[in-house]
Amino acid sequence: MTGDHQTLALLLFGVFVSVTLAITTWVSRNRHGSAEEFYAGGRLFSPMENGFAIAGDYMSAASFLGISGLIALFGYDGLLYSVGFLVAWLVVLFLVAELVRNCGRFTLADVVAARMRERPVRIAAGTSSVTVSVLYLVAQMVGAGSLVALLLGGTSGAAQAWTVIGVGALMVIYVSLGGMRATTWIQIVKAVLLMCGAIALTVLVLVRFHGDFDQLLRTAADRSGHGSQFLAPGLKYGGDWTARLDFISLGLALVLGTAGLPHILSRFYTVPTARAARRSVVWSIGLIGSFYLMTIVLGFGAAAIVGSDAVRGSNAAGNTAVPLLALDLGGGADSTGGTVLFAMVAAIAFATILAVVAGITLASSASVAHDLYASLRRKHAKPRSEVAVARVAAAGIGVVAIGLGLLARDLNVAFLVGLAFAVAASANLPVLLYSLFWRNFTTRGAVWSVYGGLLPSLVLVLLSPVVSGGPNSLFPGVDFQYFPLENPGLASIPLGFLAGWLGTVTSSEPADEAKHAETEVRSLTGAGAV
């Protein structure tokens, strides 16, 4: 990239960081330090504000950079991510949003612990939530590294590393100082910027092809190097039965995982009522649906205008397809329009990463403090000390995410998020659904359900082609690949449900039917909800 690209993009980065730090500082001066303020922003956000924040939390670097890149490289098969991420919200809307808002206070564990013995359930759910959050954070860190590598011409590994460290430091500042209120406003600002950027690029792509989407697809197929296969299923997931099973596994993880993501569930507690939570989801579905339709145009547009080979040459995982597309749409690398458009897209992508990591870090630090710490020291924990622990936990989680982000810098960010979704669908969703809908569910069933999904999903990832045994693995020089699928969802999600059922039917402790009845009434009517 030229000096103009670097200067303008870095200037826009600086403007966004300055604005968000100003928001955080302003909010930190007006907070009163309570747990409700730190974790849930005082529950004062409107459905529209929360809907924009949910969209800002959900439309991550995986969406903007990763999905478009996968479509640019693999055509039709890349669409699975767009479809899966969107359809998942129907599960959230119909099964989870209202009930979670009525039953919980701050975290997933609140819902489960309402009718179980608290300590073992909170430790299990807290551990799972932190694991999912760290996996999701790694994807955002990888996205940040890819972006800066493109901006600096891919010549400076040290610059990538310092960028990942800088993102980690900023997210700790946002969470520690501003809590949920600052994080929410950062996500709202980011959602507006991202939608505006996506709309502008989509319009420019369609104008380039005179509104003829058919011509866009044909050109993308011609420049992909795969011809008509680019527009048909099977380019990435159709080679053999292993690839087809991987396709099913990924689809299950994407559709079921959203309802188990800690940073999404925590957003339902920032509104005053369950009705507001449901309306928030409706707002977010409208925004997210529109955005994922645009990623289809951007992905095929990158293949048609930039070319799949150029995208792959810039970044093997396709993470830089959208910035390269913006550069070309603006007039090329040496044009003023290309410089401005590239810098704007790079800045929006960077804003996306910062906003999402803030939301995930807040949710995971809440799990550490509200579930793990408060369970281990329940008699001595006070709301203020719990918030202090959450701030310290944010720093620790940031360090872990930075380290893993540096390790996984060559993997596609959408693919990394798919792994996080698989763990969430395997460990969090079964215990959540059993707690809400199964009268006989017990404490042992809850603990077994979490660990029965969490441990197999992590072990299967470690034994998969993602980690070893292939040229694109994390450790290409060794081979301990025993599980053939890249995404563990097909095996680990049923194991999570099975473990929950097995733990319940073998438990000597009878289910507390009175507490279940109370939880059922509370979840459906909101009576007694916080």
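All figures in this text were calculated on a predicted structure; none of them were measured in a lab.
- Qualifying ring pair (Phe, Tyr, Trp, His ring centres under 6.0 Å) partners for W283, counting only residues two or more places apart in sequence or in other chains: none.
- Remark: A259 engages V91, V92, V96, L429 in a side chain to side chain contact (heavy atoms under 4.5 Å, CB included) (not counting sequence neighbours).
- Qualifying salt bridge (charged side-chain N to carboxylate O under 4.0 Å, His left out) partners for R119, counting only residues two or more places apart in sequence or in other chains: none.
- Listed by chain and number, the residues in a salt bridge (charged side-chain N to carboxylate O under 4.0 Å, His left out) with R444 amount to none (sequence neighbours excluded).
- For A198, the side chain to side chain contact (heavy atoms under 4.5 Å, CB included) test picks out F291, M294, with sequence neighbours left out.
- For the residue pair T107/S367, the side-chain donor-acceptor check at 3.5 Å is not satisfied.
- The ring pair (Phe, Tyr, Trp, His ring centres under 6.0 Å) search around F106 returns Y39, H370, not counting sequence neighbours.
- For A491, the side chain to side chain contact (heavy atoms under 4.5 Å, CB included) partners are L460, F483, not counting sequence neighbours.
- Between the side chains of R181 and T270, not a single donor N or O lies within less than 3.5 Å of an accepting N or O.
- In this structure E98 satisfies the salt bridge (charged side-chain N to carboxylate O under 4.0 Å, His left out) test together with R278, sequence neighbours excluded.
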N/O donor-acceptor pairs under 3.5 Å from side chains in residues 416-424, not counting sequence neighbours:
none

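- Among residues two or more places apart in sequence or in another chain, the ring pair (Phe, Tyr, Trp, His ring centres under 6.0 Å) test is passed with F497 by Y434.
- In this view, D77 satisfies the salt bridge (charged side-chain N to carboxylate O under 4.0 Å, His left out) rule with no residue, not counting sequence neighbours.
- Here the side chain of S129 pairs no donor or acceptor atom with the backbone of G126 at under 3.5 angstrom.
- Take Y482 and apply the side chain to side chain contact (heavy atoms under 4.5 Å, CB included) test, not counting sequence neighbours, and it matches L463, F480.
- A distance-only check finds no donor-acceptor pair linking the side chain of S364 to the backbone of S133 [under 3.5 Å].
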